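What's counted below: heavy atoms across the whole structure, side chains too, no hydrogens, waters or symmetry copies. All figures in this text were calculated on a predicted structure; none of them were measured in a lab.
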Amino acid sequence: QVQLVESGGGLVQPGGSLRLSCAASGSIFSINAMGWYRQAPGKQRDLVATITRGGSTNYADSVKGRFTISRDNAKNTVFLQMNSLKPEDTAVYYCNADIRITTWYRQDYWGQGTQVTVSS
């Protein structure tokens, strides 16, 4: 079975930084795109950033210039470096991976979520 395990969330002051990590493990044939999404209470889950296996990235306008997504393909891990954090960044952050289990079957997987709170 495939699992995505997240870490790195916590409480930080406005202007501070956090680095989130998400490692995929299990019966993985290959991983295509990976990404980060976030969800605040009572709100829908929104895209934060995505990255392809080849390194092409896409960011939500609200985080451009502040967040950086990266990945280590050898370790099946995706990272999100968050700088200049704002209170409006407060949310549960979920990692996502488009994973091929076999040569013919692929499935979208989600991490358990990690809380990021930006507050003075």
Side-chain angles (χ1 to χ4, degrees):
Q1 295 182 335
V2 174
Q3 289 184 297
L4 301 182
V5 179
E6 302 179 31
S7 62
L11 174 65
V12 65
Q13 294 184 346
S17 298
L18 285 174
R19 187 178 190 240
L20 306 183
S21 299
C22 177
S25 62
S27 56
I28 298 171
F29 182 78
S30 66
I31 302 178
N32 299 316
M34 304 184 80
W36 291 94
Y37 295 71
R38 65 187 182 186
Q39 186 170 24
K43 306 294 183 180
Q44 69 178 57
R45 188 173 299 184
D46 293 326
L47 182 147
V48 176
T50 60
I51 184 168
T52 67
R53 183 173 182 83
S56 296
T57 58
N58 180 58
Y59 296 92
D61 288 341
S62 59
V63 306
K64 286 182 179 178
R66 300 188 298 120
F67 291 10
T68 302
I69 189 171
S70 61
R71 63 189 287 173
D72 185 336
N73 291 334
K75 297 181 178 180
N76 289 334
T77 301
V78 63
F79 306 93
L80 185 68
Q81 178 66 46
M82 304 185 293
N83 298 325
S84 301
L85 283 161
K86 304 175 181 179
E88 48 264 48
D89 294 319
T90 296
V92 177
Y93 284 69
Y94 298 89
C95 67
N96 173 268
D98 179 10
I99 299 176
R100 293 183 65 187
I101 308 303
T102 68
T103 58
W104 57 270
Y105 182 74
R106 61 167 286 275
Q107 188 172 122
D108 206 43
Y109 287 87
W110 292 92
Q112 80 281 6
T114 184
Q115 177 71 47
V116 172
T117 302
V118 185
S119 176
S120 60

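Taken from CG in Asn96 to CG in Leu47, the straight-line distance is 9.0 Å, to the nearest 0.5 Å. The CG atom of Asn32 lies 9.0 Å from the CD1 atom of Ile99; values are rounded to the nearest 0.5 Å.
In terms of heavy atoms, Tyr37 sits closest to Arg45 at CB-CG, 3.7 Å. Val12 and Leu18 make their closest contact through CG1-CD1, 4.0 Å (heavy atoms, listed as atom of the first residue, atom of the second, distance). Nearest heavy atoms, Leu4 versus Ala24: CD2-CB, 3.2 Å. For Ala49 against Tyr59, the heavy-atom pair with the smallest separation is CB-CD2, 3.6 Å. Of all non-hydrogen atoms in Cys95 and Val78, the two that sit nearest each other are CB-CG1, 4.4 Å. Taking each heavy atom of Lys43 and Gln39 in turn, the nearest pair found is O-NE2, 2.9 Å.
Looking at Gln107 and Tyr105, their side chains do bring a donor and an acceptor atom within 3.5 Å of each other.
Two residues are said to be in side-chain contact when any heavy atoms from C-beta on lie closer than 4.5 Å; Asp98 and Arg106 meet this criterion. The closest side-chain heavy-atom distance from Tyr109 to Ile101 is below 4.5 Å. Thr77 has its side chain within reach of Phe79: a pair of non-hydrogen atoms, C-beta onward, lies under 4.5 Å apart. Residues Arg71 and Ile31 form a side-chain contact, since some pair of their non-hydrogen atoms from C-beta on lies under 4.5 Å apart.
In the hydrophobic cluster analysis, where Ile, Leu, Val, Met, Phe, Trp and Tyr join through side-chain heavy atoms closer than 4.5 angstrom, Leu85 is grouped apart from Tyr94. When hydrophobic clusters are built by joining Ile, Leu, Val, Met, Phe, Trp and Tyr residues whose side-chain heavy atoms come closer than 4.5 Å, directly or via intermediates, Val63 is grouped together with Val118. Note on Ile28: it clusters hydrophobically with Met34, by side-chain heavy-atom contacts below 4.5 Å among ILVMFWY residues.
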One pair to check against side-chain contact (heavy atoms from CB on, under 4.5 Å): Phe67 and Ile69. What are the steps and the verdict? CA-CA 7 Å; Phe67 291 10; Ile69 189 171; over 6 Å; no
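At distances below 3.5 Å, not a single donor-acceptor pair connects side-chain atoms of Arg100 with backbone N or O atoms of Phe29. A distance-only check finds no donor-acceptor pair linking the side chain of Glu6 to the backbone of Leu20 [under 3.5 Å]. Not a single donor-acceptor pair under 3.5 Å links the side chain of Thr114 to the backbone N or O of Tyr93.
Few gaps surround CD on Glu88; more than 12 heavy atoms of other groups in view lie less than 6.0 Å from it. Within 6.0 Å of CD in Gln3 there are 12 or fewer heavy atoms belonging to other residues, nucleotides or ligands.
Between Arg38 and the options Asp89, Thr90, Asp46, a side chain to side chain donor-acceptor pair (under 3.5 Å) holds for only Asp89.
Between Lys64 and Asp61, at least one side-chain nitrogen of the basic residue sits less than 4.0 Å from a carboxylate oxygen of the acidic one, meeting the salt-bridge criterion.
Residues in residues 8-29 take part in these side chain to side chain donor-acceptor pair (under 3.5 Å) pairs, two or more places apart or across chains: Ser17-Asn83.
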